[in-house]
Amino acid sequence: MFVVNRSHHNPILVPDRDHYWEAYATFNMSVIKKGAIFFGIYRAVSAPDHLRTPEQISIIGIGKSKDGAHFEDRAPFIVPTEEWEKYGCEDPRITYFEGQYYIFYTALSKYPFESDGIKVAVAVSSDLKKIQERHPVTPFNAKAMSLFSERINGKITAILTTNTDTPPARIALAQVDRMEEFWDPAFWEKWYANIDKYTIDLRRDPLDHVEAGAPPVKTPHGWLILYSHIQNYFSGGNPDRVFGIEAVILDLNDPFKVVGSTRGPVLVPREPYELLGHVSNVVFPSGSILKKSSRSATGDTLLIYYGATDMTVCVASVNLDDLLETIRPETNSRLCFKRFAKNPVIIPNSKHAWEAKATFNPAALRLGRTTHILYRALSDDNVSSIGYASSKDGFNVGKREINPIYIPKENFEIKKVAEGNSGCEDPRITKIGKTIYMCYTAFDGIGPPRVAITSIKERDFLVKNWKWEKPVLITPEGFDDKDTCIFPQKINGEYFILHRVENEMCGDYFKTLDFRKETVKKCIRIIGPRINTWDSAKVGICAPPIKTKYGWLLLYHGVSKSHNTYRIGAVLLDLKDPAIVLSRTADPIFEPMEIYEREGIVNNVIFPCGMVEKDGLLFIYYGGADKVVGVATMELNLLMRTLTRNLRPKK
């Protein structure tokens, strides 16, 4: 569980039309710090020269920065001088090793470009002012080579990608005793003959493509490597092809051993400068550097430098501890919701016709020492009503009503199509004062679903005197509008309502709770789908938010376009203006894994509608595969720690 923040200065390096050698593109920067100065080594593509073949050429430029974001004094650094690089020098990676700066790069020796003319070379500098020596390295097609910053068990170690232009590409490690062996063809001939022995396969599917990215970063838990992972690369124009940046930890003493890796992308194309350019919809990791923090509670920050659309350089940041804990098997289980061992806690009851087919998508409210669970129940003829159960410890269900506590009565929720779905769906409940309000989706089987709201006095609720107020529709006609809740207190003198129109989560303010007069009239956008990610199709709220000193904690469900899977993420909303998002998790914190979540009426769904806090634990109550109810927990302070990195409490 981690949050990724793109720099507000992005893109931090753009082509300079006044410099012919970098007028077309500047991207794939590798960064190293020397004293107080950041040095950025990057690929620069020249303006077209119609009198030359090829018309454009890549060289490697260098720039300086005091803050790691604003690079000045840009100048050519490595330009083609040798026959084996005469058509370009691309994509550098820099490492300081035993007193020297080693810059590995891609050398182009043939035009038109072909695989056996695309190989790795190295340049060596003692001062980053000039190059003292350069050598061709691999005698075969390869790219993206970089050094580990220190010897491992006495060996000089490098990571590289072979066969990038004659796929499948392989990320592999090479180790030598002397640096000169890296430009000895005899070493590589023997190494390549045994390449299977040195390969680290980070693909999740044979259709994926991987390539080494930034130089390795040493951490207390292993060597952290950012790499390019392209989903569905070999699927023949699949629209779900995604260029992502992922991370892996290799063992400190045995880098051939994978300690752990991210389950999905750390970063994907999302912003305009990542979506449109010379090669659209591409982000590629080329550099990373640790930014030390003076605040122990905050922890160090990993700066990720990447090329965007083969045109510009960008930078993003992620808390190092959060990323490492997400990757490491020893810690990642604490950074997502943990299922109750006895799940599912509520299942359909064939003896009760009203809940014989499914029991799912529960709301929850903790009052005193009892958690009250209001769940959606589905009959065999597909009518939804609301059932009741309770739990003392939050896990085990002790009491369950034999009759529904709320049934469809109004015309807008009465079945209009035989055997079609209808009724009262997916409740969310909020206590305000001495009244409990329930928002739910009302559906008659014909029109787009709308949100209705009803209420009950707390005293009646506690004694199970189900005297609900007459429900009122509060969302506009003709819109697919659902996933609605009320905030538990006024904000700036008004009540804030969350709802979902189409695929985006939005909000509106009500002056009163008189729903005969107050209806949703605005869709103030809060969050929407993020393209190329696990929540790329649509998003909606899970349960009413919880107030913390840092902001409103809200869980949301997201659906991916490529897998149609429901997963859970978290956002932190501003206390005084909850339409402002303070932070949002990059990766899902809960996803379908168990059989009762993956197989049911609708497969691969977890859908919480209830959330309560008890003894420092955050409990969520969720529907599994639109069939059963489960419960899961997470330490609230861990979730808040991730969401509040670099935030200060609101007064």
Side-chain angles (χ1 to χ4, degrees), residues 6-7 9-32 38-48 54-65 68-80 85 87-94 103-108 113 118 120 123 143-146 161 164-165 211-215 226-230 243-245 266-289 303-316 532:
R6 290 166 169 81
S7 171
H9 301 296
N10 277 350
I12 62 169
L13 198 76
V14 298
D16 187 337
R17 294 187 179 277
D18 293 331
H19 295 170
Y20 70 92
W21 55 273
E22 60 172 354
Y24 184 77
T26 52
F27 59 109
N28 293 0
M29 174 185 279
S30 185
V31 178
I32 199 162
F38 294 84
F39 286 82
I41 315 293
Y42 61 95
R43 177 177 172 183
V45 183
S46 68
E55 292 186 350
Q56 293 174 287
I57 195 165
S58 291
I59 70 168
I60 294 171
I62 188 170
K64 302 175 185 178
S65 173
H70 300 87
F71 286 84
E72 301 174 343
D73 301 327
R74 289 152 59 172
F77 191 50
I78 302 172
V79 299
E85 61 181 5
Y87 293 112
C89 305
E90 302 178 348
D91 306 337
R93 274 88 168 169
I94 185 170
I103 304 157
F104 287 87
Y105 60 97
T106 303
L108 307 180
F113 303 122
I118 303 172
V120 172
K143 290 180 179 178
M145 184 168 173
S146 62
T161 311
T164 52
D165 302 278
E211 189 169 331
L226 300 169
Y227 64 97
S228 173
H229 187 287
I230 308 172
F243 284 72
I245 296 174
V266 175
L267 198 71
V268 293
R270 191 184 75 189
E271 299 299 324
Y273 52 80
E274 300 162 347
L275 298 172
L276 299 174
H278 298 322
V279 183
S280 298
N281 210 26
V282 170
V283 292
F284 189 88
S286 52
S288 59
I289 198 164
L303 299 180
I304 303 170
Y305 292 88
Y306 61 98
T309 68
D310 280 10
M311 188 171 181
T312 63
V313 173
C314 301
V315 64
N532 296 320

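Please read all numbers here as calculations on a predicted model, not as lab measurements. Scope of the values below: all heavy atoms of this structure, side chains included, with no hydrogens, waters or symmetry mates.
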Between [X] (side chain) and [Y] (backbone), is there a donor-acceptor pair under 3.5 Å?
X: R93; Y: G213; answer: yes
X: Y305; Y: I289; answer: no
X: S58; Y: G88; answer: no

* Asked: What residues form a ring-ring contact (aromatic ring centres under 6.0 Å, His included) with F113, not counting sequence neighbours?
  ->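 Residues passing ring-ring contact (aromatic ring centres under 6.0 Å, His included) with F113: Y111.
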
Would you give the length of the straight line joining atom [atom1] of [X] to atom [atom2] of [Y], rounded to the nearest 0.5 angstrom?
X: F77; Y: I41; atom1: CZ; atom2: CD1; value: 5.5 Å
X: S30; Y: Y42; atom1: OG; atom2: OH; value: 13.5 Å
X: T106; Y: N28; atom1: OG1; atom2: CG; value: 9.0 Å
X: L275; Y: N281; atom1: CG; atom2: CG; value: 5.5 Å
X: T26; Y: W21; atom1: OG1; atom2: CH2; value: 8.5 Å
X: M311; Y: F27; atom1: CE; atom2: CZ; value: 10.5 Å

* Among L226, V315, L267, whose side chain to side chain contact (heavy atoms under 4.5 Å, CB included) with Y306 holds? ->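 For Y306, the side chain to side chain contact (heavy atoms under 4.5 Å, CB included) check succeeds only for L267.
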
* How about D165 and K143: do any of their side-chain heavy atoms sit closer than 4.5 Å? ->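 SC-SC contact between D165 and K143 confirmed.
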
Can you see which heavy atom on [X] is nearest to which on [Y], and at what distance?
X: M29; Y: S286; value: O-OG, 2.7 Å
X: I57; Y: P80; value: CD1-CG, 3.9 Å
X: E90; Y: Y105; value: O-CB, 3.2 Å
X: A69; Y: H9; value: CB-CD2, 4.3 Å
X: T309; Y: E274; value: CG2-O, 3.1 Å
X: I59; Y: I78; value: CB-O, 3.5 Å

Which residues satisfy the side-chain contact (heavy atoms from CB on, under 4.5 Å) test with [X], sequence neighbours excluded?
X: S228; value: E211, I230, F284, P285
X: Y24; value: V45, Q56, H278
X: S65; value: F38, D67, F71

* To do: For the pair Y227 and H229, name the ring-plane relationship: parallel under 30°, tilted 30 to 60°, perpendicular over 60°.
  =>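 Perpendicular, since the angle between the ring planes exceeds 60°.
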
* Asked: What residues form a salt bridge (charged side-chain N to carboxylate O under 4.0 Å, His left out) with R74, not counting sequence neighbours?
  ->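 Result, salt bridge (charged side-chain N to carboxylate O under 4.0 Å, His left out) vs R74: E22.
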
* To do: List for me each residue that meets salt bridge (charged side-chain N to carboxylate O under 4.0 Å, His left out) alongside D16, sequence neighbours excluded, and say none if there are none.
  =>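 With neighbours one apart ignored, the set is empty.
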
